[in-house]
Amino acid sequence: MKNFVKRSMVMLVLLFASSVGFAQTKVVVIPMAGADLKPLSNIVTVAKENGDFDDLNNALASITDASVNNPYLLVIAPGKYTLSAQAVIPEYVQVSGSGRYATILRATGGTNALEEAAAAIVLPSNAVISDLTLESRASSSHVIGIYLTTLGFLDRPAVIDNVFVNARGSSASLWNIGIYDAQGDAEIKDSIVEVQKTSALGLSQ
């Protein structure tokens, strides 16, 4: 739900420095709104309360003009969120959670074909996902966490940074895949992929 209440969100970065034998804590405040309390452009927020949206898919759908010269940052506040449908991240959009264990996305959909539709999140080139946990749960035969693909002109590979991907199917699952590289390049940094199978015949990778 769109929230038109004026807001001023801040990101707090704690910098620890040592000086004269004792530790000092410095707080750097980065404003997420302008001086007149109007939200900055090209920043979209998802939160349980007081965000622009409370659903990631609705937030992604609101971004229609992202480009190499007009990138977006989508910030997800701490909390657990259920994906209402497969989340397709547009090119030139960075989706950032509030920390690997602070922001948790859970997907329950899937298909019976080893293809893009079985994935919880589709990540194209020129897009970034960072600082969150993705739990992919489905009762279908194929469970995929992140599906990598290439859309349009390849300026830079997709980036997965500080993400915990957990893919787990049911007893009916044949394939459980954390990250599926279909046709795209990706830069994966400081991330964990955990795949669990519950079927004796299932394959995990």
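Since we're looking at a predicted model, the values are computed, not measured. For the single chain, residues carry numbers from 1 onward in sequence order.
At distances below 3.5 Å, at least one donor-acceptor pair connects side-chain atoms of Asp52 with backbone N or O atoms of Thr45. With hydrogens and angles disregarded, no donor-acceptor distance shorter than 3.5 Å links the side chain of Glu91 to the backbone of Ala66. When atom types are taken as modelled, the side chain of Asp131 and the backbone of Arg100 share no donor-acceptor pair closer than 3.5 angstrom. Under a 3.5 Å cut-off, the side chain of Thr103 and the backbone N or O of Ala77 do form a donor-acceptor pair. With Ser136 contributing its side chain and Ile144 its backbone, the two residues share a donor-acceptor pair below 3.5 Å. Of the possible polar contacts, one joining the Lys48 side chain to the Lys80 backbone as a donor-acceptor pair under 3.5 Å is found.
For the atom pair Glu135 CD and Thr108 OG1, the distance stands at 11.5 Å (nearest 0.5 Å). Here the straight-line distance linking atom OH of Tyr180 with atom OG1 of Thr149 works out to 10.5 Å at 0.5 Å rounding. Note that CD1 of Ile179 is 14.0 Å distant from OH of Tyr147, once rounded to the nearest 0.5 Å. With values rounded to the nearest 0.5 angstrom, Phe53 atom CZ is found 9.5 Å from Leu60 atom CG.
Every salt bridge (charged side-chain N to carboxylate O under 4.0 Å, His left out) that Glu187 has, sequence neighbours left out, goes to Lys189. Applying the side chain to side chain contact (heavy atoms under 4.5 Å, CB included) rule to Ala85 yields the partners Asn57; only residues at least two apart in sequence or on another chain are considered.
Annotation for Leu83 and Ala120: closest pair CD1-O, 3.9 Å, computed over non-hydrogen atoms. Contact record, Val165 with Gly178: CG1-O, 3.5 Å, taken as the closest heavy-atom pair. Looking at every heavy atom in both residues, Ala158 comes nearest to Pro124 through CB-O, 3.2 Å. The shortest non-hydrogen separation linking Ala127 to Pro90 is CB-O, 3.6 Å.
Taking 4.5 Å as the limit, some side-chain heavy atom of Leu132 sits within range of a side-chain heavy atom of Leu105. The side-chain heavy atoms of Leu134 and Ile129, taken from C-beta on, include no pair separated by under 4.5 Å. Looking at heavy atoms from C-beta onward, Val95 lies out of side-chain contact with Val46 at the 4.5 angstrom threshold. With a 4.5 Å cut-off on side-chain heavy atoms, Asn166 and Thr133 do not count as touching.
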Inset, instruction - Give the C-alpha distance, both sets of side-chain angles, the deciding distance and a yes or no for side chain to side chain contact (heavy atoms under 4.5 Å, CB included) between Ile76 and Leu56. - result: CA-CA 8 Å; Ile76 309 176; Leu56 175 59; 4.1 Å; yes
Legend entry - Worked verdict on Ser130 versus Asn162 for side chain to side chain contact (heavy atoms under 4.5 Å, CB included): CA-CA 6 Å; Ser130 66; Asn162 192 34; 5.5 Å; no
Legend entry - From CA spacing to verdict: side chain to side chain contact (heavy atoms under 4.5 Å, CB included), Leu73, Asn42: CA-CA 6 Å; Leu73 172 63; Asn42 291 30; over 6 Å; no
Legend entry - Evaluation steps, side-chain hydrogen bond (donor to acceptor under 3.5 Å, both in side chains), between Asp65 and Tyr72: CA-CA 9 Å; Asp65 60 346; Tyr72 274 77; 2.5 Å; yes
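Between Leu148 and the choices Ile121, Val122, Ile160, the side-chain contact (heavy atoms from CB on, under 4.5 Å) rule is met once, by Ile160.
Through side-chain heavy atoms spaced under 4.5 Å, either directly or across other Ile, Leu, Val, Met, Phe, Trp or Tyr residues, Tyr101 is tied to Phe164, Ile192.
Side-chain contact, Asn69 with Tyr92: no donor N or O sits under 3.5 Å from an acceptor N or O.
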